2 protein chains.
Amino acid sequence: MTDSRAYHHGDLRRALLAAALEAIEEVGPAALSLRDLARRAGVSHAAPAHHFGDKAGLLTALAAQGFDLLARTLTEADDDLLEAGVAYVDFAVTRRAYFEVMFRPELHRADDAELVAARGRAGAALRSGVAALPTGGAPADTDRDALAAWSIAHGFATLWLAGALPDRVGDNPREAARAVLSRLAT
Amino acid sequence: MTDSRAYHHGDLRRALLAAALEAIEEVGPAALSLRDLARRAGVSHAAPAHHFGDKAGLLTALAAQGFDLLARTLTEADDDLLEAGVAYVDFAVTRRAYFEVMFRPELHRADDAELVAARGRAGAALRSGVAALPTGGAPADTDRDALAAWSIAHGFATLWLAGALPDRVGDNPREAARAVLSRLAT
DNA sequence: GGGCAATCTTGCCACTGACAAGTTTCACGA
DNA sequence: TCGTGAAACTTGTCAGTGGCAAGATTGCCC
């Protein structure tokens, strides 16, 4: 978290992560090239390896950042499950590069300590939003409800990103998500 | 649908698609190598190009096959939306290679005629299942309901495949899906 | 039986990720 | 102040990949 330009070529680690976000938005996470990132940052092709080990290492760092951001996003809307769901979809669409790396275990190291911690924070934010839901007297099955809420938000976001949804859904993800998610929130 | 070994090396096109399914199960669609498929089929590295043009061409054919299979699967359970949802999740888990290619537009050519047709059939099967749902007197918003049903099933399937679900969900996807999907089917 | 088109092979090029070994730059203590 | 060791980065190399071009083989059809 140092913000000073240091060492030979500046804050390379940070520069590479930023370049990775850009590149992923352009070509997707699978087509990401470490050598391209090095070129964007103005360093040699082997420089990234020094900071991240390999490609999976870089994407693991990115995924951890992403879960951290998502956790913060969800916490802000925590008292309103519908809005939390909308925020989830909005996160997926506006921070697409993060989202795609986060949910592709073959791209990163899922057992990385920092990643696990960040993912845990995001999961906790999600579950606390569901637990705060009024149950209307009926006994709540928080596990099941959380899973259902997560599934519908995640599914809508994924389908949106995949371009799989029909045109009639429109081009405003927040609005479309709110309509669909409200079907669950009774 | 010819089943006879024909031509120089047999039914290469079919053999390559089968090899691709295997390989994707093993290493994922992104790490798929055409040269590896050629090796598995016992042909030279350039043989696949003749049948599919390039990698995207092969995956497009695979995606079309997948949508066709999915359409048939959904049609079989068409009178029961919950069972159709369970079948959707089951398809994703048991025919994972198809599913992953189908919903990754960067891997295939989304405007391929055969793909578009097959995807249309799957979409129609989904919507007809929702339209057949009893509305309980209230005016149905089929579009929204179909989207919600699709989203929750797709989201659960995607999270399952990503290994993102907590352990307590268990290891039986059909059972777990039924519990979660029933939350929507009121 | 002869031509022809579909099928497949060989050879090549640019690109990639990973590794090894060398070089530059900085930090820190004697 | 200096020099020594570590961190940061470079250069060079290798095997593997996708895609293209050009050639060889095979089966089909008139």
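Chain letters run A, B, ... following the sequence lines, proteins first and then strands; every chain starts at 1. What you see is a predicted model, and the numbers here were worked out from it, not measured in a lab.
- B:E106 meets the salt bridge (charged side-chain N to carboxylate O under 4.0 Å, His left out) test with A:R104; sequence neighbours excluded.
- Distance check, rounded to the nearest 0.5 Å: CZ of A:R119 to CG of A:D112 gives 9.0 Å.
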Could I get a table of every N or O pair under 3.5 Å where one atom is in the protein and the other is in nucleotides 17-21 of chain C?
{"from": "C:dG17", "atom 1": "OP1", "to": "A:L32", "atom 2": "O", "distance (Å)": "3.3"}
{"from": "C:dG17", "atom 1": "OP1", "to": "A:L34", "atom 2": "N", "distance (Å)": "2.9"}
{"from": "C:dG17", "atom 1": "OP1", "to": "A:K55", "atom 2": "NZ", "distance (Å)": "3.4"}
{"from": "C:dG17", "atom 1": "OP2", "to": "A:L34", "atom 2": "N", "distance (Å)": "3.0"}
{"from": "C:dG17", "atom 1": "OP2", "to": "A:R35", "atom 2": "N", "distance (Å)": "3.2"}
{"from": "C:dG17", "atom 1": "N7", "to": "A:R35", "atom 2": "NH1", "distance (Å)": "2.3"}
{"from": "C:dG17", "atom 1": "O6", "to": "A:R35", "atom 2": "NH1", "distance (Å)": "3.1"}
{"from": "C:dA18", "atom 1": "OP2", "to": "A:K55", "atom 2": "N", "distance (Å)": "3.2"}
{"from": "C:dA18", "atom 1": "N6", "to": "A:R35", "atom 2": "NH1", "distance (Å)": "3.4"}

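- Residue contacts shown for B:R39 are limited to sugar-phosphate atoms, with no base heavy atom under 4.0 Å away.
- A salt bridge is defined here as a Lys NZ or Arg NE, NH1 or NH2 lying under 4.0 Å from an Asp or Glu carboxylate O, and B:R183 with A:D141 fails to meet this definition.
- Nucleotide D:dG19 holds its C1' atom 17 Å from the NE2 atom of B:H51, rounded to whole Å.
- In this entry the distance linking CG of B:L16 with C1' of C:dT7 reads 12 Å, nearest Å.
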Side-chain polar contacts of residues 86-96 of chain B - donor-acceptor pairs under 3.5 angstrom, sequence neighbours left out - could you list them?
{"from": "B:Y88", "atom 1": "OH", "to": "B:W150", "atom 2": "NE1", "distance (Å)": "2.9"}
{"from": "B:Y88", "atom 1": "OH", "to": "B:H154", "atom 2": "ND1", "distance (Å)": "2.8"}
{"from": "B:D90", "atom 1": "OD2", "to": "B:R174", "atom 2": "NH1", "distance (Å)": "3.4"}
{"from": "B:T94", "atom 1": "OG1", "to": "B:D90", "atom 2": "O", "distance (Å)": "2.8"}
{"from": "B:R96", "atom 1": "NE", "to": "B:E100", "atom 2": "OE2", "distance (Å)": "3.2"}
{"from": "B:R96", "atom 1": "NH2", "to": "B:E100", "atom 2": "OE2", "distance (Å)": "3.4"}
{"from": "B:R96", "atom 1": "NH2", "to": "B:L161", "atom 2": "O", "distance (Å)": "3.0"}

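- As rounded to whole Å, 15 Å separates atom C1' of C:dC15 from atom CG of A:L37.
- Rounded to whole Å, the distance from NE2 on A:H50 to P on D:dA6 is 13 Å.
- To the nearest 0.5 Å, atoms CG (B:L37) and CG (B:L58) are separated by 6.0 Å.
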Might you list the N or O atoms of the protein lying below 3.5 Å from N or O atoms in nucleotides 3-5 of chain C, with each pair's distance?
none

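- Applying the side-chain contact (heavy atoms from CB on, under 4.5 Å) criterion to A:S128, with sequence neighbours excluded, gives A:D78.
- The ring-ring contact (aromatic ring centres under 6.0 Å, His included) pairs that include a residue from residues 21-63 of chain A number zero, where partners must be two or more places apart or lie in different chains.
- The side-chain hydrogen bond (donor to acceptor under 3.5 Å, both in side chains) analysis of residues 52-62 of chain A, with sequence neighbours excluded, yields the pairs A:D54-A:R109.
- The stretch residues 102-109 of chain A does not touch DNA chain D, since none of its heavy atoms comes less than 4.0 Å from the strand.
- Summarising the geometry, atom CZ belonging to B:F99 is positioned 8.5 Å from atom CZ belonging to B:F67; distances are rounded to the nearest 0.5 Å.
- Rounded to 10 degrees, the angle separating the terminal axes of the helix from C:dG1-D:dC30 to C:dA30-D:dT1 is 0°, with each axis obtained from five end pairs.
- Going from atom CZ of B:R40 over to atom C1' of D:dT17 covers 15 Å, rounded to whole Å.
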Would you mind writing out the side-chain donor-acceptor pairs for residues 18-31 of chain A within the sub-3.5 Å range, not counting sequence neighbours?
{"from": "A:E22", "atom 1": "OE1", "to": "A:R40", "atom 2": "NH1", "distance (Å)": "3.4"}
{"from": "A:E26", "atom 1": "OE1", "to": "A:R40", "atom 2": "NH2", "distance (Å)": "2.9"}

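- Residue pairs meeting the salt bridge (Lys or Arg N to Asp or Glu O under 4.0 Å) criterion with at least one partner in residues 57-73 of chain A, sequence neighbours excluded, are A:D68-A:R72, A:D68-A:R121.
- At least one donor-acceptor pair closer than 3.5 Å links the side chain of B:H108 to the backbone N or O of B:V101.
- Scored by the salt bridge (charged side-chain N to carboxylate O under 4.0 Å, His left out) test, B:R39 finds B:D36 as partners (sequence neighbours excluded).
- Distance B:F52 CZ to C:dT7 P: 11 Å, rounded to the nearest Å.
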